[in-house]
Amino acid sequence: MTTALSNTQLAYLQSLRRELHQSPEISGEEAETAARITQELTRAGADRIWTGLGGHGVAAEFRGRQDGPTVMIRCELDALPIPEISQAPYRSRVDGKGHLCGHDGHMVMVLGVALALKTRPALGRVILLFQPAEETGAGAAAVINDPRWPELRPDFAFAYHNVPGRPLGEIGLCQGVSNCASRGMKIRFDGKTSHAAAPEDGVSPGLVIADLMQSLPLLGPGGEMGDDFALATLTHAQLGEASFGIAPGAGELRMTLRSQTDARMARLVQEAEAQLARALAKAAEQAGDVSGSVTWHDVFLATVNEDSALAIATRAASSLGLSTVAMRHPMRWSEDFGRFGLDGANAAMVFIGSGEAQPQLHNPNYDFPDGLTPIGVALLVEIVDQLLAEQGDAHPAPKILQLSDVSND
């Protein structure tokens, strides 16, 4: 499969990317985005399309001419609950929501692969997966738990993410762990309110919250990456009501725990829960019996690249003459793509630089650079060719076209 995209097709993908950018939908709400993607996959001539996977997920099958392995390329449907401050004419039309992580660009890259698959691979089949709810860590598990998943289950799986701060089109390749594990810790505290003139008649969770705001971050100070890396970040604190007449009787803390390995995360969770128990016991002695309950949210396992899949991505980048960098450390931010590797696929996450001056992911002024699209499409097409071309069948790497009029102006 060596079909290259024309400038006309790339211009269409740019227009589509900006259309998607205007109508962001956050995790679990991606119905309209999924419907639009389904239209495009139908237009591209997919042999089969699944909808409603694990929520609003969409997958398309492109069958090769002979039996062979199944290769999955995965991207994300969801946006973020962050207001966009861009002045671009295609900025978000949805208050408080924006495609500020580049998932709009990721989607059109995979749709570019669908256009290239007009010429089917020699062997096997390609599954293009548009996954819901990546930002919450729930989407990959929901797709895998969908009863139709066995119909799609791949032998190889690849995903990618754009990385601001790195040269446009530079390919980052990380051996072993590529993305950290993380999870949200929400602690709810309950005591008893009282009149602010008589706080001694109530039970305030203020002391235990103050204690934990200082002690929990010390469990994960960050620092050098490695198997023992741990980072605990306080993200939210609330005590009582916004009133001058009520001594508080309830409160909440939210922390994000982060580690390089799942084993370190397990220990970090135990340490955090033990620290909570100690703080509650101390508060009971000083201010009365305060209850505290923990719930866990946005659970991401570490994403680990499988050696053979990473080697395929490396060869693909080399075939295209793309600049590559062997990453010394994984990304601190998390990805739920790793669950596909745990499900049995040989999986690899690849990183693509989106520009040294590009605003960071989740910044309110972030915008995916359209000039990255032809590079990403070419890389993904070459990965498919590395796996699904007939043995001994030399295949030229797809030419990376550049659009002279592609910009984010």
So how far is it from Ser354 OG to Ile375 CD1, rounded to the nearest 0.5 Å? 10.5 Å
Got a salt bridge between Arg125 and Asp67, using NZ or NE/NH1/NH2 to carboxylate O under 4.0 Å? no
Taking atom types as modelled, find out whether Gln131 and Asp336 have a side-chain donor-acceptor pair closer than 3.5 angstrom. yes
Between Phe130 and Trp50, is the ring centre distance below 6.0 Å? no
Please assess His362 against Cys101 for the test side chain to side chain contact (heavy atoms under 4.5 Å, CB included), listing each intermediate value before the final yes or no. CA-CA 6 Å; His362 297 204; Cys101 201; 3.5 Å; yes
Any donor-acceptor N/O pair, Gln358 side chain to Asp367 backbone, under 3.5 Å: yes
Please check this pair: side chain of Tyr160 against backbone of His106, looking for a donor-acceptor N/O pair closer than 3.5 Å. yes
Indicate yes or no: does Arg17 engage Glu19 in a salt bridge with an N to O separation below 4.0 Å. no
Is the His99 to Phe368 ring centre distance short of 6.0 Å? no
Looking at Met349, is its backbone amide N or carbonyl O close enough to the side chain of Asn305 to form a donor-acceptor pair, meaning the two atoms are under 3.5 Å apart? yes
Can you list every pair that meets ring-ring contact (aromatic ring centres under 6.0 Å, His included) and has a residue in residues 16-45, with sequence neighbours left out? His21-Tyr90
Test side chain to side chain contact (heavy atoms under 4.5 Å, CB included) on Leu257 and Trp296; report intermediate values, then the result. CA-CA 10 Å; Leu257 306 182; Trp296 298 99; 3.7 Å; yes
Give me the atom names and distance for the closest heavy-atom approach of Gly249 to Thr193. N-CG2, 3.6 Å
ring-ring contact (aromatic ring centres under 6.0 Å, His included): pairs with one or both residues in residues 200-255, sequence neighbours excluded: none
Can you tell if the side chain of Glu61 reaches within under 4.5 Å of the side chain of Val126, non-hydrogen atoms only? no
Could you check whether any side-chain heavy atom of Ile352 comes within less than 4.5 Å of a side-chain heavy atom of Glu170, counting everything from C-beta outward? no
Would you mind reporting whether Leu111 and Ile37 have side-chain heavy atoms less than 4.5 Å apart? yes
Give a yes or no answer on whether the side chain of Ser318 reaches the backbone of Thr314 with a donor-acceptor pair at less than 3.5 Å. no
One pair to check against side chain to side chain contact (heavy atoms under 4.5 Å, CB included): Arg258 and Thr256. What are the steps and the verdict? CA-CA 6 Å; Arg258 199 173 301 275; Thr256 298; 3.4 Å; yes
So, the side chain of Glu30 versus the backbone of Leu77: is there a donor-acceptor pair under 3.5 Å, distance only? no
For Pro69 and Leu387, work out which heavy atoms get closest and say how close. CG-O, 4.3 Å
Which heavy atom of Val113 sits nearest to which heavy atom of Val377, and what is that distance? N-CG1, 4.2 Å
I would like to know whether Arg36 and Leu16 meet side chain to side chain contact (heavy atoms under 4.5 Å, CB included); could you show each step before the answer? CA-CA 10 Å; Arg36 187 70 181 87; Leu16 178 60; 3.8 Å; yes
Hydrogens and angles aside, do Glu382 and Gln386 bring a side-chain donor and acceptor to less than 3.5 Å of each other? yes
Heavy atoms only: give me the nearest Glu135-His103 pair and the separation to one decimal. OE2-CE1, 3.2 Å
Applying side chain to side chain contact (heavy atoms under 4.5 Å, CB included), can you list everything that pairs with Asp146, at least two apart in sequence or on another chain? Leu53, Arg148
Does Met255 reach the side chain of Thr235, with side-chain heavy atoms less than 4.5 Å apart? no
If you compare all heavy atoms of Leu80 against all heavy atoms of Ile26, which two are closest, and at what distance to 0.1 Å? C-CG2, 3.6 Å
Strictly distance-based, threshold 3.5 Å: is any side-chain N or O of Asn179 a donor or acceptor partner for the main-chain N or O of Ala302? no
Has Gln238 got a side-chain atom pairing as donor or acceptor with Gly240's backbone, closer than 3.5 angstrom? yes
The ring-ring contact (aromatic ring centres under 6.0 Å, His included) partners of Trp333 (sequence neighbours excluded) come to His161, Phe351
Asp262 side-chain N/O to Leu301 backbone N/O, donor-acceptor pair under 3.5 Å: no
Quick check against the 3.5 Å criterion: does Ser334 have a side-chain atom that pairs as donor or acceptor with the backbone of Phe300? no
Taking the side chain as every heavy atom from C-beta outward, state whether Leu129 and Cys75 have any atom pair closer than 4.5 Å. no
Counting distance only, does the side-chain N/O of Ser23 pair as donor-acceptor with the main-chain N or O of Leu20 below 3.5 Å? no
Check the pair Ser243 / Glu241 against side-chain hydrogen bond (donor to acceptor under 3.5 Å, both in side chains), numbers first and verdict last. CA-CA 5 Å; Ser243 168; Glu241 304 297 328; over 6 Å; no
Check ion pair Arg74-Glu335 (N to O, under 4.0 angstrom): yes
Can you classify the ring geometry of Phe337 versus Phe340 as parallel (below 30°), tilted (30 to 60°) or perpendicular (above 60°)? tilted
Between Leu152 and Ala59 the two heavy atoms that sit nearest each other are CD2-CB, 3.2 Å
Got His56 and Thr33 here, is their nearest side-chain heavy-atom distance under 4.5 Å? no
Decide whether a cation-pi geometry holds between Arg43 and Tyr12; the criteria are a distance under 6.0 Å from NZ or CZ to the six-membered ring centre and an angle within 45° of the ring axis. yes
Apply side-chain hydrogen bond (donor to acceptor under 3.5 Å, both in side chains) to Asp78 and Ser27, showing your working. CA-CA 5 Å; Asp78 51 343; Ser27 300; 2.7 Å; yes
Kindly indicate, with the supporting measurements, whether the criterion salt bridge (Lys or Arg N to Asp or Glu O under 4.0 Å) is fulfilled by Glu29 and Lys97. CA-CA 12 Å; Glu29 299 178 1; Lys97 299 176 184 178; 3.0 Å; yes
pair Gln360-Tyr366: side-chain heavy atoms closer than 4.5 Å: no
Enumerate the salt bridge (Lys or Arg N to Asp or Glu O under 4.0 Å) contacts for residues 179-195, please, sequence neighbours excluded, ordered by first and then second residue. Arg188-Asp190
Dump the intermediate steps for side-chain hydrogen bond (donor to acceptor under 3.5 Å, both in side chains) on Arg267 and Gln270, then the final yes or no. CA-CA 5 Å; Arg267 298 202 311 272; Gln270 291 178 344; over 6 Å; no
Pairs where residues 181-216 contributes a residue and the test ring-ring contact (aromatic ring centres under 6.0 Å, His included) is met, not counting sequence neighbours: none
